[in-house]
Amino acid sequence: MTNEQLAGYIQQGDSNELVPILWERVRKLLYMKSEQAYRKYKDKFDQCGIESWDIKQASYEAFLEAVRAYKSDSGLKFTAYLSYPFRNAVNRLTGSRSTRTIHEPLNNSTSLNKPLECSEDD
């Protein structure tokens, strides 16, 4: 049975036992993508407190999203559907919309020593 067939059966429902089978087939690919992303953006991930394992865990969420989105009539391989959800999962980890500009949380923070700005009416 192909990945595409498995995804189709899972979408039809009552086939939850097929989810782990499909996951095991694509897990290595997603873990490889996780390691590549971590190496590429390591400094940014370190700033956000994200470790390699965090990305690998998020890849399972991306996998489930790809299963829901897969359209068997598109003619595309199931693995092609993994890229966009994977990118979204990484972006959710960093709080950004694009991996080009990964969110740096400390750059948007305000000092705790800064006095509060209050109007005279307060």
Side-chain angles (χ1 to χ4, degrees):
M1 189 175 308
T2 67
N3 293 344
E4 295 72 31
Q5 290 170 324
L6 284 171
Y9 288 132
I10 293 167
Q11 286 179 338
Q12 292 173 7
D14 296 331
S15 298
N16 288 336
E17 68 277 358
L18 298 177
V19 172
I21 295 169
L22 184 55
W23 168 246
E24 282 304 311
R25 288 184 175 189
V26 299
R27 179 181 54 84
K28 288 181 183 179
L29 172 66
L30 286 169
Y31 280 11
M32 182 185 70
K33 289 173 77 75
S34 298
E35 288 296 327
Q36 288 172 343
Y38 185 73
R39 280 192 305 275
K40 185 173 183 179
Y41 301 108
K42 185 174 183 346
D43 291 339
K44 300 294 183 181
F45 287 134
D46 287 345
Q47 288 176 353
C48 295
I50 297 169
E51 297 180 7
S52 175
W53 185 245
D54 297 323
I55 303 168
K56 288 178 181 176
Q57 288 178 325
S59 70
Y60 185 75
E61 179 184 330
F63 159 72
L64 294 176
E65 191 176 322
V67 170
R68 287 189 295 273
Y70 180 70
K71 295 188 181 356
S72 58
D73 59 349
S74 70
L76 295 173
K77 296 277 187 187
F78 174 73
T79 53
Y81 270 77
L82 293 170
S83 294
Y84 187 71
F86 178 79
R87 192 172 349 127
N88 285 341
V90 170
N91 290 341
R92 279 190 294 273
L93 282 174
T94 60
S96 68
R97 294 182 146 223
S98 168
T99 53
R100 290 186 195 145
T101 56
I102 293 180
H103 181 66
E104 297 177 18
L106 295 179
N107 288 346
N108 295 328
S109 61
T110 303
S111 171
L112 294 176
N113 296 327
K114 181 180 175 184
L116 294 175
E117 297 176 14
C118 298
S119 66
E120 292 181 19
D121 297 335
D122 290 341

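Values in this document were obtained by computation on a predicted structure and should not be read as measured data.
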Give me the atom names and distance for the closest heavy-atom approach of Phe78 to Glu4. N-OE2, 2.8 Å
Could you pull out the closest heavy-atom pair between Ala58 and Leu93, with the gap in Å? CB-CD1, 3.9 Å
Backbone of Ser59 reached by a side-chain donor or acceptor of Tyr31 within 3.5 Å: no
For Tyr84, look at atom OH and say whether over 12 heavy atoms of other residues, nucleotides or ligands are found less than 6.0 Å away. no
When every non-hydrogen atom of Val67 is compared with those of Gln11, the smallest separation belongs to O-NE2, 2.6 Å
Below 4.5 Å, heavy atoms only, C-beta onward: do Leu82 and Tyr70 meet side chain to side chain? no
Between Arg25 and Thr2 the two heavy atoms that sit nearest each other are NH1-C, 3.5 Å
The single option from Glu35, Lys42, Gln57, Arg39 that satisfies side chain to side chain donor-acceptor pair (under 3.5 Å) with Ser52 is Glu35
Can you measure from CD1 (Ile55) to OH (Tyr41) and round to the nearest 0.5 angstrom? 11.0 Å
Criterion side-chain contact (heavy atoms from CB on, under 4.5 Å) on Ile50 and Tyr38, from CA distance to verdict: CA-CA 9 Å; Ile50 297 169; Tyr38 185 73; 5.5 Å; no
Starting at CG of Leu29, measure out to OG of Ser34 and round the result to the nearest 0.5 Å. 9.0 Å
Any side-chain heavy atom of Lys44 sitting closer than 4.5 Å to one from Thr94? no
Scanning both residues in full, the closest heavy-atom pair of Pro85 with Arg92 reads O-NH2, 4.5 Å
Can you find a pair of side-chain heavy atoms, one from Phe45 and one from Val90, that are under 4.5 Å apart? yes
For Ser74 and Tyr81, work out which heavy atoms get closest and say how close. OG-OH, 3.5 Å
Answer whether the closest heavy-atom distance between the side chains of Leu30 and Arg27 falls below 4.5 Å. no
Between Ser83 and Lys33, is any pair of side-chain heavy atoms under 4.5 Å apart? yes
Nearest-0.5 Å distance that lies between atom CD1 in Ile10 and atom CG in Leu22: 5.0 Å
